[in-house]
S.K.: 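Here it is, the structure in full.
What you see is a predicted model; the values in this text were computed from it and never measured.
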Amino acid sequence: MTDGLRVRPFHRDPAPSPIGLHAADPTLSRARIRRPAIRRGWLEAKRGGRDDGFRGQDAFVEVEWDEALDLAASELDRVRETFGNEAIFGGSYGWSSAGRFHHAQSQVHRFLNTIGGYVRHMDSYSLGAARALMPYLVAPMDRLMSEHTDWATMAAHTRLFLTFGGVPAKNAQISAGGTSAHRIPGGLRAMAEAGVRFVNVSPVRSDLDTGADFEWWPIRPNTDTALILGMCHTLLAEELYDRDFLERYCVGFEVFRDYLDGTRDGEAKTADWAATITGLPAGDIRQLARDLYATRSMINMAWSLQRAHHGEQPFWALIALASMIGQIGLPGGGFGVCYGAENLMGSPHRRIKGPTLAQGHNPVGGFIPVARIADMLLHPGGSFSYRGEDHRYPDIRLIYWAGGNPFHHHQDLNRLMRAWQKPETIIVNEIYWTPLAKAADIIFPATSPMERNDIFHATREPCIAAMKRAQPVFGEARDDYAIFSALAERLGVADAFCEGRSADQWLRHLYENWRRQLVDDDIELPDFDTFWDTGIIELPQTGEPVVMLAGFRDDPRANALETPSGRIEIFSQRIAGYGYADCPGHPCWLPPEEYLGSPVAERYPLHLITDQPATRLHSQLDHSPNSLDSKISGREPIWLHPDDAAERGIVDASLVRVFNDRGSCLAGAVVTDAIRRGVAKLSTGAWFDPTTWSAEGSLEKHGNPNVLTIDLPASAFSQGCSAQSCLVQIEAFLAPTPELSAHLPPRGIENFTEPQ
């Protein structure tokens, strides 16, 4: 609330998220960026002095807008003229706004394209392995996500719902673009009331809530592939698999079969073999395989499973298991990847593409897989592989970042801190003094979504809505569009970037163009003025159920997949031809570098799960009352099994130090039997707050688990994020408690407060 403004849930939402309800809380303004600011050491160097500062802990100097814009434009011009646009990295992670125009990722990429291009990133931290893999096996992830079988169809037809990693409603509080009605709680309860059997394979019990009892299989982390292979072997040995489905809709089963029965490597992947790896009973594994084949089954897998070393393998094994059962494309049967990741999955609504801001053409071909940013900065010119091709890391001299926070998403933050010192200039548009802003050179204060007009639309949501400005602009903040427009003017590309339109004129233009395009789909919508006055426009629906890959099942020739064969590829000749030892041509068990049972577990015997938080979106609004109320002594909570806590003399709500060779952080203990012994859970998103940024081994005070996670590619094929492959030790923290500074502005800023 500010100046009497209150944020309320959408009245049609049956399970509204509490995250955004504090978006107007006056306490948030303490961390707002009021004016443009320049890092002191960088500014001294530009004035002929010496940069003795360290990004992250240097002081800042507030300046006038014109000076900041002139400096940024000059740096962009210098770098592109001296080193080429291949020396500019356009950083953004996109979770910046529900609006379709004021979307920071679209804005920064459009701007950089108008000045000659930039080095981009591919894929995402959430889906690095799956986005690279799934087009080879079934279909691109975006298509699969938008075609998941709807909840009502599963309640009517599914009888067994097996999920690896649960269906965490906290993760699905969002969709790309926003949500109008949260579906997961009601969807799960309706299925439970219909008598669906739920089996949750996860080290954590609480990532599934059906409103009723369910079976919890507390698996050893990172061993799900072995469990699936054990079930596949059971189906093979007992001849319970669907031969007709495999022959008509799939390729490569024969190769996978020879791996399962040990023909290829001498070791059969039996349920007993899987039991020794997973810690689950062999008899249960065999019976679950039989049950999956005997009844209409949906097999779901959380994205977290592919955020690991060899993260391709559980997703590939999932496809093989679902193919052997043969229910893909049937109502209530098949697989999900994944229910619980976004609100999108399970929607019954029609898929209607919304209005989008064109980003233009990027003439720079250079890119990196998103999770390789530290490698890029530390090893310019070094080589990396990606999906069968060899590439080189560019020599980045300037980073422009708008939307997202690498000091939340990236792994091994001590390593990233060192890499972050390499570029000559880092420019950031930000709302708050996040770790990213504190580690930049030029900071432009950006408006929040509540301070500007925009348009709400998201895939498979039933409406489009006018997002009208709800509060005055804070301080001297400007929209991203206004910031880039001013830079474009200085760089001589204003006509190309702005096309002569103000922000509000762009909203009208995007809507009207979109409305005309929908006429081809026999959809008629009112003009912009009527839409803006009405506020919410319902989109027409067909009322037909959504069943993923139903068309492919009905006619696999007319509706061939986009894979090389047009069918589901249990064995991929193309991937096999790449020759990657860590990602061969079929699903297989490859032990992660760090897992319970590996040599490193002797020193670090706890597997750390770094899941999404329930009280914020990634790291957004970490300083809101909703997030702060969940913390323990201001630190992020960490879950421990009672036996693990007792062994270490740790009691509930006490402070602990979590550590490994990569770093250490403080957290507040939550002792619970809802987690497997030998496992700890520390959610991501606490703003990075090291004791000192310049000392790589310094204690992180706030509970950011990415000081601990490993910066290792999932494989040479995908280069995906491996955050879930992480072992740690935990001990009671008995030293004096350091003061937090995560949510304080940096030195030199008017509302800066020195931590005690």
Side-chain angles (χ1 to χ4, degrees), residues 38-39 41-43 45-46 51 53-56 68-93 104-123 359-384 386 389-404 406-407 410 415-429 436-437 439-444 480 483-484 486-488 490-493 496-497 719:
I38 312 294
R39 185 172 64 82
W42 185 91
L43 186 60
K46 291 301 173 185
D51 185 354
F54 193 93
R55 288 191 182 113
L69 289 166
D70 288 345
L71 286 168
S74 176
E75 276 301 284
L76 286 162
D77 209 28
R78 178 187 68 83
V79 170
R80 66 175 180 165
E81 292 296 329
T82 306
F83 305 104
N85 285 71
E86 297 81 3
I88 299 173
F89 182 72
S92 181
Y93 205 58
Q105 185 179 71
S106 299
Q107 291 284 345
V108 68
H109 290 170
R110 177 181 172 87
F111 166 71
L112 292 175
N113 282 337
T114 63
I115 65 167
Y118 64 99
V119 173
R120 69 195 191 281
H121 75 250
M122 297 285 287
D123 304 326
Q359 298 179 20
H361 170 66
N362 185 358
V364 174
F367 74 94
I368 61 165
V370 66
R372 303 273 62 82
I373 185 170
D375 288 354
M376 173 185 71
L377 296 177
L378 291 171
H379 306 297
S383 62
F384 69 94
Y386 178 73
E389 295 183 348
D390 294 328
H391 303 272
R392 291 200 172 274
Y393 290 120
D395 186 2
I396 296 300
R397 304 302 180 103
L398 184 148
I399 294 175
Y400 202 131
W401 206 290
F407 289 93
H410 201 71
R415 182 171 184 257
L416 179 62
M417 269 200 304
R418 175 160 47 91
W420 204 249
Q421 309 305 316
K422 298 290 185 179
E424 296 166 8
T425 300
I426 298 176
I427 308 171
V428 169
N429 297 359
L436 171 64
D441 300 315
I442 302 175
I443 315 297
F444 293 121
D480 290 305
I483 297 168
F484 290 126
L487 290 171
R490 285 165 169 78
L491 294 170
V493 294
F497 180 75
Q719 298 288 339

S.K.: Please round to the nearest 0.5 Å and tell me the distance separating atom CZ of F83 and atom CG of D395.
M.R.: 7.5 Å
S.K.: Going by heavy atoms in the side chains, are S383 and R392 under 4.5 Å from each other?
M.R.: yes
S.K.: Check whether any side-chain N or O of W420 sits under 3.5 Å from a backbone N or O of K422 as a donor-acceptor pair, and report yes or no.
M.R.: no
S.K.: Atom NZ in K46, atom OG1 in T425: separation rounded to 0.5 Å?
M.R.: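 Output value for this atom pair is 5.0 Å.
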S.K.: Please report the closest heavy-atom contact between L112 and Y118, naming both atoms and the distance.
M.R.: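 Heavy atoms of L112 and Y118 come nearest at CB-CD2, 3.6 Å.
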S.K.: Looking at residues at least two apart in the chain, or sitting in another chain, which of them share a ring-ring contact (aromatic ring centres under 6.0 Å, His included) with Y393?
M.R.: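 ring-ring contact (aromatic ring centres under 6.0 Å, His included) list for Y393, sorted by chain: F384.
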S.K.: What pairs with H121 under ring-ring contact (aromatic ring centres under 6.0 Å, His included), at least two apart in sequence or on another chain?
M.R.: none
S.K.: If you take all heavy atoms of E424 and W42, which pair is closest and at what distance?
M.R.: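 In terms of heavy atoms, the two residues are closest at O-NE1, 3.3 Å.
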S.K.: Mark yes or no for whether R80, through its side chain, and I115, through its backbone, hold a donor-acceptor pair below 3.5 Å.
M.R.: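 Checked: pair present.
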S.K.: Step by step, would you call M376 with F89 a side chain to side chain contact (heavy atoms under 4.5 Å, CB included)?
M.R.: CA-CA 10 Å; M376 173 185 71; F89 182 72; 3.9 Å; yes
S.K.: Is there a side-chain contact between Y386 and D123, using heavy atoms and a 4.5 Å cut-off?
M.R.: yes
S.K.: Check this for me: does any side-chain nitrogen of one of R415 and D375 sit under 4.0 Å from a carboxylate oxygen of the other?
M.R.: yes
S.K.: So, for N85 and V364, which heavy atoms are closest and what is the spacing to 0.1 Å?
M.R.: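 Answer, listing the atom of N85 first, then V364: CB-CG2, 3.7 Å.
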S.K.: Atom CG of L71 and atom CG of L43: how far apart are they, to the nearest 0.5 Å?
M.R.: 6.5 Å
S.K.: Restricting to salt bridge (charged side-chain N to carboxylate O under 4.0 Å, His left out), what partner residues turn up for R120, sequence neighbours left out?
M.R.: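 By the salt bridge (charged side-chain N to carboxylate O under 4.0 Å, His left out) rule, R120 matches no residue at all.
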S.K.: Would you say Q421's side chain and F54's backbone share a donor-acceptor pair under 3.5 angstrom?
M.R.: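 Absent.
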S.K.: Nearest 0.5 Å, what's the CD-NE2 distance between Q719 and H391?
M.R.: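 Spacing of CD (Q719) from NE2 (H391) equals 9.5 Å.
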S.K.: Got a second to check how far L76's CG is from Y400's OH, nearest 0.5 Å?
M.R.: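 Between L76 CG and Y400 OH, I get 7.5 Å after rounding to 0.5 Å.
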S.K.: Looking at R490 and D77, is there a salt bridge between them, counting it only when a charged N and a carboxylate O are closer than 4.0 Å?
M.R.: no
S.K.: Return yes if some donor-acceptor pair links the side-chain N/O of R55 with the main-chain N/O of D441 below 3.5 Å, else return no.
M.R.: no
S.K.: Please name the pair of heavy atoms, one in G117 and one in P363, separated by the smallest distance, quoted to 0.1 Å.
M.R.: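 Closest heavy-atom pair between G117 and P363: CA-CD, 3.9 Å.
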S.K.: Is it true that a side-chain atom of N113 and a backbone atom of Q359 form a donor plus acceptor pair closer than 3.5 Å?
M.R.: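 The answer is yes, because a donor-acceptor pair under 3.5 Å joins these two groups.
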S.K.: What is the minimum heavy-atom distance between I368 and P394, and which atoms define it?
M.R.: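 In this case the closest contact between I368 and P394 is CG2-CD, 4.3 Å.
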S.K.: How close do A104 and D480 get, counting heavy atoms only, and between which atoms?
M.R.: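 For A104 and D480, the tightest heavy-atom pair comes out as CB-OD2, 3.7 Å.
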S.K.: So do the side chains of I426 and W401 get within less than 4.5 Å of each other, counting heavy atoms only?
M.R.: no
S.K.: Could you tell me the separation between the OG1 atom of T82 and the CG atom of L398, rounded to the nearest 0.5 Å?
M.R.: 11.5 Å
S.K.: If you define the side chain from C-beta out and look only at heavy atoms, does anything of L436 sit under 4.5 Å from P406?
M.R.: yes
S.K.: Should F497 and Q107 be marked as a side chain to side chain contact (heavy atoms under 4.5 Å, CB included) after you check the CA-CA gap, both sets of side-chain angles, and the distance that decides it?
M.R.: CA-CA 9 Å; F497 180 75; Q107 291 284 345; 3.5 Å; yes
